[in-house]
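In what follows, a structure is listed as structure tokens, so that the remarks can point back to it.
On a predicted model such as this, the values are computed, not experimentally measured, just so you know.
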Amino acid sequence: MRDFSYLRATSADAARQAAALPGAMLLAGGTTLIDLAKCGVAAPDTLVDITHLKGLDKIEVNERGATIGALARMSHVADHAGIKSRFPAVSEALWQAASAQLRNMATIGGNLMQRTRCPYFRDPSNFPACNKREPGSGCSAIGGVTRGHAVLGASDACIAMYPGDLAVALVAFDATVHLGERKLLVDDFFLRPGATPDREHAIEPGEMITAVEIPGSAAARRSTYLKIRDRQSYEFAAASAAVGIEFEADGRTIRDLRVALGGVATKPWRARAVEDALKGKVLEPDAVRAASRLAVEGAVDHGANHYKIELAPRVVARAILKLGETV
């Protein structure tokens, strides 16, 4: 880790101004940034400390929805009574992310800014070719060990998987991210790699995440986050699904359905084809399983990650049927 300057911001405006300087990076919980600096991926000239800014750690929940400050800790949001009752998938996604120690330190804004866990990206000494680190250098993962890589949203330049959990739930329920003067749907905040995999987020110099806003809905209230992984704790998803359902008065016909995937794509992945196939239909296991296959339309594997194409629809179907059992 190389030497860097340290600046403690006194306001959000001061933080944004400082962050716009070349080589500057924001420091909140530090659970991702310190990691990247240690392995030689991040090399900031200046760290801008925003941890003490007032008002950015608030969690507000009412009948219209929830507003979560960028500096709110993951564990605090997961355990918030309003989040647990009105957005259970959000709470469940947070509880299943990282370790308890990291959840107590990591912030919501930092979680959205986390970068891929692709081992080729995080090992520059052994794998200098990585288009995320050095645009145009190539992708070491293609042709390498691909078990944990993406089958959806990849390009010839990058197949790195998006590793987070929270953003999957946020995408399912049309959350927006506040960037100061701009607001973006979380779905639009995350970018597919295309020819520019080094740019993962639609955030501009001088912008900073200040809050996340989730609109309230009946589907969000009846929701869940199902995460399948190689071990039960402190592991990234092999495949995951955030699902929410609203039923008609008969308790079986689907009025609204939200489905988003994690662990299988280069960004949190909204499965709108599954939603459209099941809206207005009676919830029946065979129909759910058939529709869930649409979640991986267009998927492309690179050998060892082929299992994700089979696993993801099963995760989606299981999550939908789980919610159907609670009616």
Side-chain angles (χ1 to χ4, degrees), residues 6-12 15-16 19 25-38 42 47-62 65-115 117 162-173 175-180 186 189-190 201 203 207-214 216 220 223-225 227 232-237 240 242 262 268:
Y6 170 83
L7 173 64
R8 182 167 171 168
T10 56
S11 68
R16 282 190 282 265
M25 298 184 74
L26 296 173
L27 174 66
T31 57
T32 291
L33 177 56
I34 301 303
D35 239 8
L36 294 175
K38 284 181 177 179
L47 284 185
V48 183
D49 187 347
I50 62 173
T51 56
H52 299 282
L53 296 183
K54 301 293 185 183
L56 292 185
D57 61 349
K58 292 182 178 178
I59 306 169
E60 299 177 349
V61 183
N62 55 41
T67 301
I68 304 169
L71 295 183
R73 304 291 180 181
M74 288 173 61
S75 58
H76 294 170
V77 179
D79 200 38
H80 190 279
I83 298 295
K84 291 168 72 174
S85 64
R86 294 179 181 272
F87 305 95
V90 173
S91 176
E92 293 168 13
L94 287 166
W95 276 127
Q96 295 179 68
S99 66
Q101 295 91 335
L102 288 175
R103 292 195 301 267
N104 285 335
M105 283 297 298
T107 63
I108 296 302
N111 183 275
L112 296 186
M113 290 297 295
Q114 70 177 300
R115 304 197 69 186
R117 262 61 182 181
Y162 173 74
D165 297 292
L166 169 64
V168 179
L170 296 180
V171 163
F173 301 109
T176 56
V177 58
H178 296 203
L179 299 171
V186 173
F189 178 74
F190 291 94
H201 308 99
I203 189 168
E207 290 186 325
M208 179 180 76
I209 298 174
T210 57
V212 171
E213 186 176 354
I214 318 171
S223 64
T224 192
Y225 183 75
K227 181 177 182 178
Q232 279 299 306
S233 64
Y234 199 34
E235 183 61 279
F236 300 103
S240 66

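- Closest of all the heavy-atom pairs between Thr107 and Ala70 is CB-O, 3.3 Å.
- With Thr32 contributing its side chain and Gln114 its backbone, the two residues share no donor-acceptor pair below 3.5 Å.
- Of the inter-residue distances, the one linking Leu94 atom CG with Ile83 atom CD1 reads 8.5 Å to the nearest 0.5 angstrom.
- The minimum heavy-atom distance linking Ala167 with Pro268 is given by the pair CB-CG, 3.6 Å.
- A 4.5 Å side-chain heavy-atom check between Leu112 and Leu170 finds at least one atom pair inside the cut-off.
- Formation of a donor-acceptor pair under 3.5 Å by the His52 side chain with backbone atoms of Arg8 is not found in this model.
- The closest side-chain heavy-atom distance from Leu33 to Leu47 is below 4.5 Å.
- Residues Asp79 and Trp95 have side chains in contact (heavy-atom distance under 4.5 Å, counting atoms from C-beta outward).
- In terms of heavy-atom proximity, Ile108 sits nearest to Gly69 at CB-O, 4.0 Å.
- Between atom NE2 of residue His80 and atom OG of residue Ser75 there is a gap of 12.5 Å, rounded to the nearest 0.5 Å.
- When side chains are defined from C-beta on, Asp49 does not count as touching Leu7, because their heavy atoms never get closer than 4.5 Å.
- Proximity of Leu71 to Thr51: side-chain heavy atoms (C-beta onward) are nowhere separated by under 4.5 Å.
- In this structure, Lys227 contributes its side chain and Glu235 its backbone to a donor-acceptor pair below 3.5 Å.
- Counting heavy atoms from C-beta on, the side chains of Leu56 and Met208 come closer than 4.5 Å.
- When atom types are taken as modelled, the side chain of Arg73 and the backbone of Met105 share a donor-acceptor pair closer than 3.5 angstrom.
- Side-chain atoms of Arg115 never come within 3.5 Å of backbone atoms of Met113 as a donor-acceptor pair (strictly under, hydrogens ignored).
- Val48 and Ala19 get closest at one heavy-atom pair: CG2-N, 4.4 Å.
- Distance check, rounded to the nearest 0.5 Å: CE of Met74 to CG of Leu102 gives 8.0 Å.
- Residues Tyr225 and Ser240 share a closest heavy-atom pair of OH-OG, 2.8 Å.
- Results of the side chain to side chain contact (heavy atoms under 4.5 Å, CB included) test with Leu166 over Val186, Val212, Val171, Val90 single out Val90 as the only residue that passes.
- Of all the heavy atoms in Leu53 and Thr10, the pair that sits closest is CD2-C, 3.7 Å.
- The shortest side-chain heavy-atom distance between Glu92 and Thr224 falls under the 4.5 Å cut-off.
- At distances below 3.5 Å, at least one donor-acceptor pair connects side-chain atoms of Arg103 with backbone N or O atoms of Ala97.
- Phe190 has its ring centre less than 6.0 Å from the ring centre of Tyr162.
- Atom-to-atom distance recorded for His178:NE2 and Thr67:OG1 is 6.0 Å, nearest 0.5 angstrom.
- Between atom CD1 of residue Ile68 and atom CD of residue Glu60 there is a gap of 10.5 Å, rounded to the nearest 0.5 Å.
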